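In what follows, a single structure is set out as structure tokens and then discussed.
If you're wondering where the values come from, they're calculated on a predicted model, not measured in any experiment. So you know, we letter chains A, B, ... as the sequences are listed, proteins then strands, and number each from 1. All values below come from the heavy atoms of this structure, side chains included, with hydrogens, waters and symmetry mates left out.
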2 protein chains.
Amino acid sequence: MVQHPQIDRTFAALADPTRRSVLERLGQGSATITELAEPFGISLTGMKKHVLVLEDAELVVTEKVGRARRCSLGPRRLDDVQAWVETYRRMLDERLDRFGELLEQTKGTPR
Amino acid sequence: MVQHPQIDRTFAALADPTRRSVLERLGQGSATITELAEPFGISLTGMKKHVLVLEDAELVVTEKVGRARRCSLGPRRLDDVQAWVETYRRMLDERLDRFGELLEQTKGTPR
DNA sequence: GATACACTGAACCAAATGGTTCAGCATCCG
DNA sequence: CGGATGCTGAACCATTTGGTTCAGTGTATC
């Protein structure tokens with residue numbers, strides 16, 4: 001058992017287009033496994049696995065209601081993911097800035 | 001061959017902690033495969049595979065210099081990833097708002 | 001030229017992923 | 001009650017993933 005921390009599980013969950021679509025669908029309101037599976041032409045079992053992955057990433061919560069299972073978006077707003085991406089952008093910008101300065105310096109000493 | 005679109009490859013690339021660390025390391029400046037591999041106690045071949053994944057996601061660019069390979073951050077600022085996350089957050093917020101309104105309405109008609 | 005160094009490709013491996021089918025088990029409906 | 005519906009667990013499968021080792025190849029360095 002490798003025991004991925006939450007951000008790993010989250011990025012991995014978001015790497016699959018089917019799962020991102022499911023999240024977007026759930027943005028319209030909760031749905032059952034059957035309703036989620038139908039537009040993808042995928043088996044119920046297959047969709048249930050995707051939902052499980054999303055639950056593990058705490059992006060989706062589910063509840064058994066009668067014979068159906070209602071799936072809804074969880075409360076996570078992906079703050080950690082967004083924070084990582086933003087830190088990365090800032091880092092990149094700094095690096096490019098420093099590269100720019102370097103070019104600027106080099107300009108004075110050609111050949 | 002499933003041929004993942006770029007955003008899939010990007011999320012997948014970011015799902016691995018080793019690869020995120022490599023990106024952060026490269027934020028300090030470019031490095032060779034050997035330099036990248038060393039802190040993880042991983043083989044050169046292993047690190048090269050990680051770098052390949054990052055290259056496929058266009059997060060890293062590399063260049064052969066003599067017998068070494070210089071790896072640096074590519075120019076991608078993860079705009080698409082950030083856009084997806086932000087859209088998701090907005091969607092979530094709207095859904096929570098509507099849920100709030102629903103609670104509000106229900107308040108007037110108890111039992 | 002000889003030796004060391006950095007990387008690379010091929011082969012292999014175990015585990016995870018994304019999917020399937022099939023056989024239940026509850027639950028709902030008439 | 002009996003049938004249809006909705007989900008679930010187990011078993012299976014092919015592919016991908018994250019890692020390895022080993023045997024090169026090309027480049028520096030003495």
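You'll find the side chain of B:Arg20 reaches within 4.5 Å of the side chain of A:Ile7, heavy atoms only. Residues B:Glu35 and B:Arg25 meet the side-chain proximity criterion, which asks for heavy atoms closer than 4.5 Å. Counting only heavy atoms from C-beta outward, the side chains of B:Leu52 and B:Leu54 never approach each other to under 4.5 Å.
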Practice problem: Decide yes or no on side-chain contact (heavy atoms from CB on, under 4.5 Å) for A:Val51 and A:Lys49, but give the supporting numbers first. | Solution: CA-CA 5 Å; A:Val51 170; A:Lys49 285 192 185 181; over 6 Å; no
Quiz item: When you look at A:His4 and A:Arg9, which way does the side-chain hydrogen bond (donor to acceptor under 3.5 Å, both in side chains) test go after all the steps?
Solution: CA-CA 6 Å; A:His4 294 289; A:Arg9 274 184 271 118; over 6 Å; no
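Computed from coordinates, the A:Ile33 CD1 to D:dT5 P distance equals 18 Å when rounded to whole Å. Between the CG atom of B:Asp16 and the P atom of D:dG18 there is a distance of 5 Å, rounded to whole Å. Spacing between atom CD1 of A:Ile42 and atom P of C:dT17 amounts to 15 Å, rounded to whole angstrom units.
Residues B:Thr10 and B:Arg76 have side chains that bring a donor and an acceptor to within less than 3.5 angstrom of each other. Side chain to side chain, A:Glu86 and B:Gln82 meet the donor-acceptor criterion of an N or O pair below 3.5 Å.
Proximity of residues 43-53 of chain B to DNA chain D (heavy atom under 4.0 angstrom from any strand atom) is restricted to B:Ser43, B:Thr45, B:Gly46, B:Lys49, B:His50. Remark: A:Gly66, A:Arg67 in residues 54-71 of chain A come within less than 4.0 Å of DNA chain C through at least one heavy atom.
In this structure, B:Phe11 and B:Trp84 have perpendicular ring planes: the angle between them is above 60°, well past the 30° mark.
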